[in-house]
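Written out below as structure tokens is the structure these notes cover.
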Amino acid sequence: MYAPAVNEAFLAEVSSLPGGERITQCIQCGSCSGSCPTAAWMDHSPRQIFALIRCGMRDEVLSSNTPWTCASCYTCYVRCPKEIKITDIMYALKRLSIREHKAKPETKPARVMAEVFEGLVNKHGRNSEFHLMRRLYGRPSAITKALRNAPSGMKLKRLGRLPFRQEKLSANGLMQMKQITDAVEKMGGL
């Protein structure tokens, strides 16, 4: 019986990322996929993603919509009998997907949101929902969606939950934030 050679480099890479340390202990029980509230919209369930990682199928994993569909609810992690930090792995896969330009076009809203969020936090030390929404819905292709969500946005504005002004950390706070993000990046987290 012929078995194709498996490229274990991708598994080793994911294992070395924060949260990925225990991925080799996955027993493919499917608790993660069975618990996931967004699995129905994923092209591969979390269990399948782990099997693909173990098989070294880098392109298949990094072009999957699964990490972008993850709701970060941590239900998979709570129910995993091997205590694998599945949500953290999904975040790591997102970062790799962005870095290697592997994400499919349909994941663009989630990618844009992640990139804008990261940019705002790196620049100002804080997120701004207004600026995040402006960048997300300010594209010509998103006008219909922006108009559909306008009533919710106006309600948030009336309640004071959507300030136009960008809050910023002090210069000292920004320096501390940079030190934190640099340390996390050295650990492979950004």
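Quick note: numbers below take in every heavy atom, side chains included, and nothing from hydrogens, waters or symmetry partners. Being a predicted model, the structure only gives us computed values, none of them experimental. Numbers here are sequence positions counted from 1.
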Q: Please write out which residues are connected to L169 in a hydrophobic cluster, directly or through intermediates, given that two of Ile, Leu, Val, Met, Phe, Trp, Tyr count as joined at side-chain heavy-atom separations below 4.5 angstrom.
A: V112, M113, V116, F117, L120, V121, F130, L132, M133, L136, Y137, L156, L162, F164, L174, M177
Q. What pairs with H131 under side chain to side chain donor-acceptor pair (under 3.5 Å), at least two apart in sequence or on another chain?
A. S128
Q. By side chain to side chain donor-acceptor pair (under 3.5 Å), which residues pair with E115, not counting sequence neighbours?
A. none
(Q) According to ring pair (Phe, Tyr, Trp, His ring centres under 6.0 Å), who are the partners of Y91, at least two apart in sequence or on a separate chain? (A) none
As an exercise, state the distance from [atom1] of [X] to [atom2] of [Y], rounded to the nearest 0.5 Å.
| X | Y | atom1 | atom2 | answer |
| --- | --- | --- | --- | --- |
| M42 | C70 | CE | SG | 5.5 Å |
| C55 | Q48 | SG | CD | 11.5 Å |
| R126 | H124 | CZ | NE2 | 12.0 Å |
| L62 | I98 | CG | CD1 | 11.0 Å |

Applying side chain to side chain contact (heavy atoms under 4.5 Å, CB included), name anything that partners [X], two or more places apart in sequence or on another chain.
| X | value |
| --- | --- |
| M154 | R158 |
| K85 | Y77, D88 |
| S170 | N172 |
| L159 | K155, R161 |

Q) What pairs of residues pass the salt bridge (Lys or Arg N to Asp or Glu O under 4.0 Å) test when at least one of them lies in residues 142-151, not counting sequence neighbours? A) none
Q: Establish whether L96 and W68 are linked, either directly or via other cluster members, by ILVMFWY side-chain heavy-atom contacts under 4.5 Å.
A: no
Q: With sequence neighbours excluded, tell me which residues meet salt bridge (charged side-chain N to carboxylate O under 4.0 Å, His left out) with K94.
A: none
Q: Using salt bridge (charged side-chain N to carboxylate O under 4.0 Å, His left out) as the criterion, list what pairs up with K157, not counting sequence neighbours.
A: none
**Q.** For T66 against P46, the heavy-atom pair lying closest together
**A.** CG2-N, 4.5 Å
Q. Shortest non-hydrogen contact from F10 to G56?
A. CB-CA, 4.2 Å
Q.
Would you say that L93 contacts I49 through its side chain, given a criterion of any heavy-atom pair below 4.5 Å between the two side chains?
A. yes
Q) With a 4.5 Å limit on heavy-atom distance, are the side chains of I86 and F50 in contact? A) yes
(Q) Check whether N65 reaches the backbone of K104 with its side chain - one donor and one acceptor, N or O, closer than 3.5 Å. (A) no
Which donor-acceptor pairs under 3.5 Å do side chains of residues 12-37 form with protein atoms, sequence neighbours excluded?
from : atom 1 : to  : atom 2 : distance (Å)
E13  : OE1    : R58 : NH1    : 2.6
E13  : OE1    : R58 : NH2    : 3.1
E13  : OE2    : R58 : NH2    : 3.2
S15  : OG     : L11 : O      : 2.8
S16  : OG     : E13 : O      : 2.7
E21  : OE1    : G19 : N      : 3.0
E21  : OE2    : G19 : N      : 3.3
R22  : NE     : K82 : O      : 2.8
R22  : NH2    : Q25 : OE1    : 3.1
R22  : NH2    : K82 : O      : 3.0
Q28  : OE1    : R47 : NH1    : 3.1
Q28  : NE2    : R47 : O      : 3.2
S33  : OG     : S45 : OG     : 3.1
S33  : OG     : R47 : N      : 3.0
S35  : OG     : S31 : O      : 2.5

Q: Salt-bridge test for K178 and D182: reply yes if a basic N is under 4.0 Å from a carboxylate O, no otherwise.
A: yes
Q) Is the CZ atom of R135 crowded by more than 12 outside heavy atoms at less than 6.0 Å? A) no
Q.
So if I apply the side-chain contact (heavy atoms from CB on, under 4.5 Å) rule between T69 and each of T107, T38, D43, which one comes out positive?
A. T38
